[in-house]
2 protein chains.
Amino acid sequence: MAISGQKQGNSGPDKPVQDRLLDAAEQLFAENGFDGASVRDIASAAGCNIAAVNYYFGGKDKLYTEVWRRQLVQMRDARLQAIEQVLSESNGKPSLEDLLKSFANAFIGPFVDESRSRWLMRLMAREMIDQHVHVNVFVEEVIKPTMSAMGGALMKACPGLEESKIPLLIFFLAGQLIHIVHIKAMYEQTEMAEMPAFDLTDAVENIVKFSAAGIRAYAEEKTE
Amino acid sequence: MAISGQKQGNSGPDKPVQDRLLDAAEQLFAENGFDGASVRDIASAAGCNIAAVNYYFGGKDKLYTEVWRRQLVQMRDARLQAIEQVLSESNGKPSLEDLLKSFANAFIGPFVDESRSRWLMRLMAREMIDQHVHVNVFVEEVIKPTMSAMGGALMKACPGLEESKIPLLIFFLAGQLIHIVHIKAMYEQTEMAEMPAFDLTDAVENIVKFSAAGIRAYAEEKTE
DNA sequence: AGTTGTTTCATACGACAGTTTAAAACATGT
DNA sequence: ACATGTTTTAAACTGTCGTATGAAACAACT
C-alpha cells in the first residue's frame, strides 16, 4: 500500500486514482447519501476497479471520512479569508453590512458554485443528521474557528454588542443562509406555481439587511 | 386486505397493527433514516410479523409516505392554529413580538416535545434531502398554507410591510428556527467545551427580538 | 533478463435488504 | 358445525451490498 510519491498530474482526466475516487465519491455521496452510493458506483464513476477503494482507503467509511475532511478545511478557509479580507480592506473598522455581505457570500459560495461542487450542501446536510464522522471534528475544525473570527469582526463592526449574545447572532445568520440554500434547492425540484421566483443573490442581500437590523437591536442595547 | 372496521382501541399497547407499525416506523425512520431502518426492525418494534408492512401498506415506501403524511397535517395545523389564536386574542391587531413568539413556539414545538416525537426533526431534515415523498405535497400541504396565514398576520401586525418581501422574511424566520434545533441536537451529541450552554427557549426569545428588528427594517421603508 | 514491490483486475463470499408465498390461525355469519 | 373471508406466521426467494482474495499487469531497479 503506497500513499506518497504520485505523479500529481493535477489537471486533466488522468489524475491519480485516489483523487478520482475522492471526486467521484464526493459527488455520489452528496447526490445519493452514504447508503445510496454504492462502492461499485463510485469505482465505476472513477473509472477504476471496485477493490481500489479498499486498497487505497481501507473501506467505504474511511473514503467518506476523507471526502468530508477535504470539504471541511476548504469551507473554513473560505470563511476565514473572507472575514480577514473585509477587516484589512477597512483598516479594522468594517461596516456591519460589508462584513455580513462578505461572510454570507463566503458561506453560501461553495453551495452555488456549479463548477466545483454544488452537491456540497446536500453532503453537509446529510452529515448534520447521520453523523458518520464525529461531530467534534466539525465543531473544532469549522464552527469554532468561524465563530471566533466572525465574533471578533462583529465586535469591531458593532462596538456596542454584548459579547455573550454573539454566538447566538451568528447562529441566526447561518441559519438563514443555510435555509435559503435549501429553499433554492426546493425551487429547482418542483414547479412552485403561484410562488415568486427565487434569486439567491437577492436573498443574500436581504439577509444582510435583515440581519444588520437584528444585530443592531442588540448593539443599541448598551447605550440605552 | 381489509382497511376499515378496526377496533380503534386508541389507547394502550393493543392498538391496531397499522397504528403500531406507523408509530414504530416513525421512530425508527427518524432515528436511523429510511435505509437505516429495516422492515424487520420496524415489524419487530411494532410487535408483529415482517409481512405485515407489505400486507397493510404495500411496501416500505408506502409505509414511509404514510408516516410522513401523518406528520405533515399535524405540523400545519399546529402552526395555523397558533397564528389564528394570536389574531383572535388581539382582535386582529397583534403586536409583532406576540405574533413571532407564538409562531416560533408552534414551529419548533413538535421538535422539542419529548412525549410525542422528538425524532420529528431528524425525520423532516432527512426528507428535505432525500425526497422520498414528492416535494409538492410538502409545499402544498404545509408551506403554502403556513406562508399564506403567516403572511396575512404579518401584514396586520406591520401595516407598512412591502408585500413582495413577506415570503422572504418568513423564510428567514423559519431558517433561524430550524437551525437552532439543529444546533441543540449538536449540543446534545458532543461536549462543546468552551462554548456557552444552549437553551432553546432562550434562543427562541432572541430570535423574536432579532427578527422583529429585521422585519421592522422592511416596515419602516415605506414611510421614508 | 530477472527480481521485487506496487497497482489493477475479475471473481467469490457472507450478510442483510425488501418482498413473496403458502399454510396456519383466527374471526364471522349461516 | 361448517364455510368464508381476513389476519398472522415462518420460511424462502432474489437482489445488492461491502469486503476479501489471489492472480495478472505493471514499474523500477540490479
Side-chain angles (χ1 to χ4, degrees), chain A residues 1-9 13-68 126 130-133, chain B residues 1-9 13-68 126 130-133:
Chain A
M1 174 182 323
I3 300 181
S4 55
Q6 300 303 110
K7 301 164 200 168
Q8 287 285 83
D14 50 354
K15 285 197 285 188
V17 193
Q18 294 112 320
D19 291 2
R20 296 212 313 271
L21 274 174
L22 283 171
D23 292 339
E26 174 182 314
Q27 171 172 349
L28 289 175
F29 278 144
E31 280 180 338
N32 310 322
F34 182 80
D35 299 305
S38 72
V39 177
R40 284 168 175 82
D41 290 343
I42 294 173
S44 171
C48 64
N49 194 270
I50 323 169
V53 22
N54 274 283
Y55 179 74
Y56 282 109
F57 295 94
K60 189 188 185 184
D61 296 289
K62 311 274 187 60
L63 171 62
Y64 180 83
T65 302
E66 216 51 46
V67 166
W68 182 248
R126 285 181 197 284
D130 283 338
Q131 311 267 25
H132 288 98
V133 39
Chain B
M1 173 184 321
I3 300 181
S4 55
Q6 300 302 110
K7 300 165 200 166
Q8 286 285 82
D14 48 355
K15 284 197 284 185
V17 192
Q18 293 110 320
D19 291 2
R20 295 210 314 269
L21 275 173
L22 283 172
D23 292 340
E26 174 182 315
Q27 170 171 349
L28 289 175
F29 277 144
E31 279 180 339
N32 310 323
F34 181 81
D35 299 305
S38 73
V39 177
R40 285 170 174 81
D41 290 343
I42 295 173
S44 171
C48 63
N49 194 269
I50 322 169
V53 23
N54 276 284
Y55 180 75
Y56 282 108
F57 294 93
K60 190 188 184 184
D61 296 288
K62 310 276 187 59
L63 171 62
Y64 180 82
T65 302
E66 217 51 46
V67 167
W68 183 248
R126 284 183 199 281
D130 282 340
Q131 312 266 23
H132 287 99
V133 39

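Lettering of chains follows the sequences in order, A, B, ..., and the numbering in each one begins at 1.
For A/Ala24, the side chain to side chain contact (heavy atoms under 4.5 Å, CB included) partners two or more places apart in sequence, or in a different chain, are A/Ile42, A/Ala45, A/Ala46. The side chain to side chain donor-acceptor pair (under 3.5 Å) test applied to B/Ser38 returns B/Asp41, not counting sequence neighbours. Every side chain to side chain donor-acceptor pair (under 3.5 Å) that A/Asp23 has, sequence neighbours left out, goes to A/Lys15, A/Arg70.
Taking every side-chain heavy atom of A/Lys60 into account, D/dC17 is the closest of C/dT8, C/dT20, D/dC17. Distance from the side chain of B/Val17 is smallest for D/dT8 among the nucleotides C/dG18, D/dT8, C/dT8. Ranking C/dA17, C/dT6, D/dT19 by closeness to the A/Tyr55 side chain, first place goes to C/dT6.
Considering all non-hydrogen atoms of both residues, B/Ala37 and B/Leu28 come closest at CB-O, 3.6 Å. Scanning both residues, A/Ala43 and A/Ile50, for their nearest heavy atoms gives CB-CA, 3.8 Å.
Rounded to whole Å, atom C1' of C/dT19 lies 17 Å from atom OH of B/Tyr56. The CG-P distance, from A/Leu28 to D/dC17, rounds to 12 Å in whole Å. Rounded to whole Å, atom P of C/dT20 lies 10 Å from atom NZ of B/Lys62. In this structure, B/Asp41 places its CG atom 13 Å from C1' of C/dG18, rounding to the nearest Å. The separation between A/Asn54 atom CG and D/dT19 atom P is 5 Å, rounded to whole Å. The distance between atom CZ of B/Arg20 and atom C1' of D/dT8, rounded to the nearest whole Å, is 11 Å. Atom-to-atom, CG of A/Leu21 to P of D/dT19 comes out at 13 Å; the value is rounded to the nearest Å. In this structure, A/Ile42 atom CD1 and D/dT16 atom C1' are separated by 15 Å, rounded to whole Å.
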So which protein N/O to nucleotides 9-12 of chain C N/O distances come out below 3.5 Å?
unit_1	atom_1	unit_2	atom_2	d
C/dC9	OP2	A/Asn49	N	3.4
C/dA10	N7	A/Asn49	ND2	3.4

For B/Leu63 and B/Val39: C-alpha separation, side-chain torsions, deciding distance, then whether side chain to side chain contact (heavy atoms under 4.5 Å, CB included) applies. CA-CA 10 Å; B/Leu63 171 62; B/Val39 177; over 6 Å; no

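A cation-pi arrangement, defined by a distance under 6.0 Å to the six-membered ring centre and an angle within 45 degrees of its axis, is present between B/Lys60 and B/Phe34.
Within 4.0 Å of A/Ala43, counting heavy atoms only, lies no atom of the nucleic acid at all.
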